[in-house]
Amino acid sequence: MVNPGESDSRKLLGRLKATLAKDSAGQERLDRITTIIADSMGLEVCSIYLFRDAETLELSATEGLNPEAVHKTRMRVGEGLVGRIARTKRPINTADAPAEKGFRYMAETGEEVFSSFLGVPIQRLGEALGVLVVQSKEARAFSEDEIYGMEVVAMVIAEMTELGAFVGEGAALAALHQRPATFKGGIGQEGSAMGHVWLHEPRVVVTNPIADDPAEELKKLEAAIESLRVSVDELLATADGADKEQMQVLEAYRMFANSRGWRRRMEEDISRGLSAAAAVEKEQTAARARMSQVPDPYLRERLHDLNDLSNRLLRILTGQGKETGAEMPEDPILVAANIGPGELLEYGRKLRGVVLEEGSVASHAAIVARAWAIPLIVHAGPITTEALNGDLILVDGEHGVVHLRPEDAVVDSFRDKMAMEAAQQERYVSLRDKPAESDDGVRVRLTMNAGLMADLPSLESSGAEGVGLFRTELQFLTQSRVPRRGELAQLYSRVLDRAGDKQVVFRTLDIGSDKVLPYMKPQDEPNPALGWRAIRVGLDKPGVMRMQLQALIRAAAGRQLTVMFPFIAQLQEFQDARELLIGEIERERRVGHILPTEIKIGAMLETPSLAFSPAQFYKDADFISIGGNDLKQFFFAADRENERVRRRYDTLNVSFLNLIEMITRRCAEAGTPLSFCGEDAGRPIEAVTFAALGLRTLSMRPASIGPVKHLIRRTNLAELRKVIDTARGSGAQSVRPAVIEYLYKPHPPVA
Ligand code: PEP
Ligand code: MG
């Protein structure tokens, strides 16, 4: 029999099932599988190659090749035909293997006599596990039908590998998901964390990949698709028509749920002997493999939808919901493909860190992680396929690296690093009530950035002198509707209560374009960061901003109110925004509400244009805060979210410092207080450099206050200023080397 049709492949799977059901060792099972496949297909050779490490495949079982070569013959990914299949995740089918490009002759296997070769990847959800190969002496190409049959068998082997059916001696037969793995991603929020994995959506495990009764499995698939279709229709019916993006996703779901091609392929898989769940997973695996290869973002999104939909279908079929009964570890580090801000907030403050396969530095989840000051890594490879609940995991938010199930040596050095950081923090506690006064007597004000009520206790524990930036986006992002004025007023009032006599600077909503609110119509803009956002939305469609301003005025009744407008690019925008606020105060006065005792209206300086604005701007603003994250990205034209360029230009680059110095001088001339509230304010070297240039207020994450204060207190700012000026005069591109040399190396006093 050379051409296994549907029933042949079912017979083959039936034989495999009987073998797998026997209680035997992993190696024995693999050996039996190769024998059965070769026999069923009437071919001389069947071999299974499995990964022994991320880069190397090993011949792990064979019928027909030299048995001596088992566990000895190895190849790297990309090497030879087997290595090529592992790399491309695509089958190779040839009648004349030795003539094929990249063929590697392995004398020890005795395979030179075999001409025909068919190899398919053994993969599961995009994770390559090995390669399944059949060979024959007769020079013949294998039919489409045979390739398909082999893919079905490879799927079963993949499922059984996942279930641990082939665990045995040696690295190639080691249990899956137990080896150490490292993932490199983007840094959403800095910090270090050690803990145990908590999967946001635990993987569905298909425990029975081979069908006993195909007719029964077809019925199950039919029923599951029907229930999926009903639930998608219901979602569509209840979805808010205004949310275009969500509607698009649901429409795509519906399209797939009704897609004949998708169903037909799964039905065919079942008729060849797979269970309904395995058939769904086979399609999902194919979608995930294509996802990584399709360059077109639209198509990739659709494959992404298909992947999501397959997950839903699998949960219906297996009855495995998100609730697995597993207990959340005490030190959970959340691992997810992606997560919205609302879902993330539901976990609360117990999370030690977050690792996402997708996400972005400016995503809503990143805003939450920033507010909680826990490390967040985004774009962390296929971590949801690799991680299991309860695995030990280390998150290095400084370098964007995640160590899953790390070796002891890595754990030890990470623990040392964290202990050192903790000891440092202890030392900083003793500084808490001391002023940030430099060695030469200059007083710098250190305030903190916040975004949630839960951040306020840090005011005391960190020794911050106020809240220099209260980001107000989160309350808008986590709800499916615009928050009510009363709710906001209540929250802002509680924030002010908790802050007591310390000042809180509320920044009005910085939203739009890339940070679309769930209830806002998404704007399809080519460059969202340069688009219709923040104050531009607030001035063009003032409804929401006016409501927010009213809430702020009411919250501050009888006390000081400090409001700051984001993303001002020219004087007029600031004047218009200020007029709007003054108008709201008038309105509140007219209706007889108690007003704030004092109102300070400031602007964030986040665009280079504002730095060069007419002197009037500097006079009009009650205070100015440099939003260094945005200012730097626009100054260097380097996207703050793009890992490739975000670190390309040093904050201590002379051009940027010249800009900061000019802003400082113009503020001093106008007598307007200036602060810096971007992430750089919390980096000690940057912070002392800014202080040396004349900045007297720096706003940062609470955890940064100790380190920054520590360095300010031991630095002579006048001397440092001379060092900076000398470096600038010498033609240096960045003053960092000179600043570091001055701060950390023994040096003679500067004349
Ligand atoms: C900034 O741009 O520096 C800033 C503080 O605002 P955000 O990071 O919220 O854009
Ligand atoms: Mg900003």
Side-chain angles (χ1 to χ4, degrees), residues 186-190 341 360-373 376 378 446-452 455 464 466-477 504-517 527-538 548 562-569 573-574 577 602-611 623-642 646-647 649 651 656 659-660 663 674-683 686-687 690 695 697-702 704:
I187 303 164
Q189 169 65 33
E190 291 172 16
S360 83
V361 176
S363 63
H364 305 165
I367 299 174
V368 178
R370 219 164 283 158
W372 283 345
L376 164 72
V378 295
L446 302 185
T447 56
M448 63 173 245
N449 297 345
L452 289 168
D455 295 328
V467 176
L469 166 66
F470 190 94
R471 292 181 167 101
T472 58
E473 290 78 62
L474 273 175
Q475 296 73 39
F476 286 81
L477 287 169
V504 179
V505 181
F506 289 98
R507 174 178 79 180
T508 60
L509 200 53
D510 180 0
I511 211 84
S513 240
D514 57 336
K515 297 182 209 154
V516 180
L517 296 175
N527 291 303
L530 307 178
W532 195 56
R533 55 175 280 202
I535 199 68
R536 300 173 183 177
V537 180
Q548 189 185 24
T562 314
V563 176
M564 160 162 94
F565 294 107
F567 211 61
I568 301 282
E573 283 172 342
F574 178 66
M604 278 188 89
L605 198 156
E606 307 187 88
T607 62
S609 64
L610 197 62
F623 65 94
I624 292 171
S625 190
I626 297 175
N629 306 337
D630 276 318
L631 183 63
K632 201 177 146 195
Q633 84 162 336
F634 298 124
F635 187 66
F636 288 110
D639 188 345
R640 68 192 259 195
E641 278 190 59
N642 183 337
R646 64 190 288 247
R647 288 164 195 271
Y649 305 101
T651 302
F656 191 61
L659 179 71
I660 301 289
I663 300 166
L674 173 68
S675 65
F676 189 111
C677 66
E679 293 297 309
D680 281 319
R683 302 191 170 108
E686 281 80 342
F690 294 153
L695 269 150
T697 301
L698 301 170
S699 199
M700 62 199 74
R701 288 191 287 144
S704 301

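Start at 1 and go down the list; that is how both ligands and their atoms are numbered. Note that this is a predicted model, so its numbers are computed, not measured.
- Within the 4.0 Å heavy-atom shell around ligand 1 one does not find E679.
- Residue-to-ligand polar distances keep E473 apart from ligand 1: every N/O pair is separated by 3.5 Å or more.
- Counting heavy atoms under 4.0 Å from ligand 1, residue R507 touches it through the side chain alone.
- Note: an N/O pair closer than 3.5 Å links E606 and ligand 1 by distance alone.
- At least one N or O atom of G628 sits closer than 3.5 Å to an N or O atom of ligand 1.
- Close approach of ligand 1 to D630 (heavy-atom distance below 4.0 Å) involves ligand atoms 1 (C), 2 (O), 3 (O), 10 (O).
- Its N, O or S atom nearest to the Mg ion (ligand 2) is what matters here, and for E606 that atom is OE1.
- Side-chain contact between V505 and L469 is absent, with no heavy-atom pair separated by less than 4.5 Å.
- Side-chain contact between F506 and V467 is absent, with no heavy atoms from C-beta onward closer than 4.5 Å.
- Atoms of ligand 1 found under 4.0 Å from any heavy atom of L469, numbered from 1 in the order shown, are 5 (C).
- Close contacts between ligand 1 and M604 involve ligand atoms 4 (C), 5 (C), 6 (O) [criterion: under 4.0 Å to a heavy atom].
- Proximity to C677 (heavy-atom distance under 4.0 Å) selects the following atoms of ligand 1: 5 (C).
- Between N449 and C677, the closest side-chain pair of non-hydrogen atoms falls below 4.5 Å.
- With hydrogens and angles disregarded, a donor-acceptor distance shorter than 3.5 Å links the side chain of E473 to the backbone of D510.
- Looking only at N/O/S atoms, D630 comes nearest to the Mg ion (ligand 2) through OD2.
- A heavy-atom distance below 4.5 Å is found between the side chains of I187 and R646.
- At a heavy-atom distance under 4.0 Å, no atom of R533 approaches ligand 1.
- Taking 4.5 Å as the limit, some side-chain heavy atom of D680 sits within range of a side-chain heavy atom of F690.
- Per-residue contacts place G678 under 4.0 angstrom from the following atoms of ligand 1 (heavy atoms of the residue considered): 3 (O).
- Between R507 and P566, the shortest heavy-atom distance links the atoms CD-CB, 3.7 Å.
- For the pair T607 (side chain) and I568 (backbone), a donor-acceptor distance under 3.5 Å is present.
- Contact annotation: for L631 versus ligand 1, there are no heavy atoms closer than 4.0 Å.
- One N or O on the side chain of Q548 and one on the backbone of L509 form a donor-acceptor pair closer than 3.5 Å.
- The shell of residues lying under 4.0 angstrom from ligand 1, judged by heavy atoms, includes R640.
- A heavy-atom distance below 4.5 Å is found between the side chains of T697 and T447.
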